[in-house]
Amino acid sequence: MVKSGQANRTPGLPPRPSPALDPYLDAAARCFTRYGIGRTSVQDIARELGVNRTTVYRQVGNVEQATRLLVSREMYRILAGLPARVVGLSGPEAAIELLATVVEEALAHPVVHKMLTDERELLGDLLADGIPQFFQEISDRIAPLIGLTVRAGVIADRDPAILADWLARIAITVMVSPPRMPLRGFLAELLVPALTP
């Protein structure tokens with residue numbers, strides 16, 4: 001079980017996992033969705049996958065390490081799909097769509113849903129350790145897209161790296177505490193005035 005304050009906790013997220021780990025991470029995700037992260041054991045993951053516990057330890061480590069690998073994989077998957085989501089959009093609408101997509105896809109993930117409904121304290125631990133890297137990864141992925149729109153004059157002339165970091169912070173905040181109105185409308189209230197050239 002994942003316990004807050006574990007001595008072997010490593011801050012941040014690992015690099016994008018190899019596709020060879022997908023069966024292990026898929027099995028872990030099914031267990032996390034079914035039992036919750038805090039109630040899942042390496043034995044549960046092994047049983048789900050039909051292998052022995054030692055194999056799971058060797059491939060993805062303990063439950064906490066498997067959780068971090070899973071978060072890293074899913075974050076890369078979401079970010080990799082962003083450029084296709086804004087094809088044909090321009091101006092503040094593109095920034096709103098980028099941000100809304102990150103938030104909606106993260107919230108739609110069954111493990112994130114389980115954590116937000118049943119294990120918020122574990123989400124807090126994960127964010128406390130990994131939030132600087134979350135910001136960095138999201139910012140690094142969307143800054144080039146923002147830079148293109150700034151140079152094309154379709155959004156206000158703002159520093160793409162700062163704007164990307166700002167958008168990443170908004171994304172994490174609304175994931176943890178959703179707004180009281182529809183997401184795109186909420187984002188538009190702030191982003192349209194800030195980003196209109």
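Positions are given from 1, in the same order as the sequence printed here.
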Distance-only, no hydrogens or angles: does the S177 side chain make a donor-acceptor pair with backbone N or O of T173 under 3.5 Å? no
Tell me if a side-chain donor or acceptor on T117 pairs with a main-chain N or O of K114 at a distance below 3.5 Å. yes
Could you check L187 against V103 for side chain to side chain contact (heavy atoms under 4.5 Å, CB included), going step by step and ending with a plain yes or no? CA-CA 11 Å; L187 297 173; V103 171; 5.9 Å; no
With hydrophobic residues grouped by side-chain heavy-atom distances under 4.5 Å, do I172 and I162 end up in a single group? no
Rounded to the nearest 0.5 Å, how far apart are NE2 of H109 and OG1 of T33? 7.0 Å
D165/R169 salt bridge by N-O under 4.0 Å criterion: yes
Approximate separation, where rounding is to 0.5 Å, of M75 CE and E105 CD: 13.5 Å
Is there a continuous path of hydrophobic side-chain contacts, each under 4.5 Å between heavy atoms, that joins L148 to V102? no
Are any of the side-chain heavy atoms of D22 and R73 separated by less than 4.5 Å? yes
Looking at side-chain heavy atoms only, is the closest gap between W166 and L191 below 4.5 Å? yes
Treating Ile, Leu, Val, Met, Phe, Trp and Tyr as nodes and any side-chain heavy-atom pair under 4.5 angstrom as an edge, say whether L195 and I170 lie in one connected cluster. yes
To the nearest 0.5 Å, atom CG of L190 lies from atom CG of L99 at 10.0 Å
As an exercise, state the distance from OH of Y24 to CD1 of I45, rounded to the nearest 0.5 Å. 11.5 Å
What's the shortest heavy-atom distance between A188 and P193, and which atoms? O-CD, 3.6 Å
What are the two closest non-hydrogen atoms of P23 and P19, and how far apart are they? CD-O, 4.1 Å
Taken to the nearest 0.5 Å, the spacing of R53 CZ from D44 CG works out to 11.0 Å
Atom CG in L69, atom CZ in R16: separation rounded to 0.5 Å? 13.5 Å
Measuring only between side-chain heavy atoms, which start at C-beta, is L70 closer than 4.5 Å to F32? yes
With a 4.5 Å limit on heavy-atom distance, are the side chains of I155 and L163 in contact? yes
Quick one: are E48 and V56 in side-chain contact, heavy atoms under 4.5 Å? no
How close do D157 and V150 get, heavy atom to heavy atom, and via which atoms? OD1-CG1, 3.6 Å
Restricting to non-hydrogen atoms, name the atom on A143 and the atom on P160 that form the minimum distance, rounded to 0.1 Å. O-CB, 3.6 Å
Return yes when atom CD of E189 has more than 12 non-hydrogen atoms of other residues, nucleotides or ligands closer than 6.0 Å, and no otherwise. no
Mind checking whether I78 and L183 sit in one hydrophobic cluster, side chains of I, L, V, M, F, W, Y counted as touching below 4.5 Å? yes
Indicate the atoms forming the closest heavy-atom contact of S72 with P14, along with that distance. OG-O, 2.8 Å
I want to check something: taking the side chain as every heavy atom from C-beta on, are E104 and R184 in contact at a cut-off of under 4.5 Å? yes
May I ask you to test the V71-V111 pair for a side-chain heavy-atom distance under 4.5 Å? no
Give the minimum heavy-atom separation between L21 and V60, together with the two atoms involved. CD2-CG1, 4.2 Å
How about N52 and T55: do any of their side-chain heavy atoms sit closer than 4.5 Å? yes
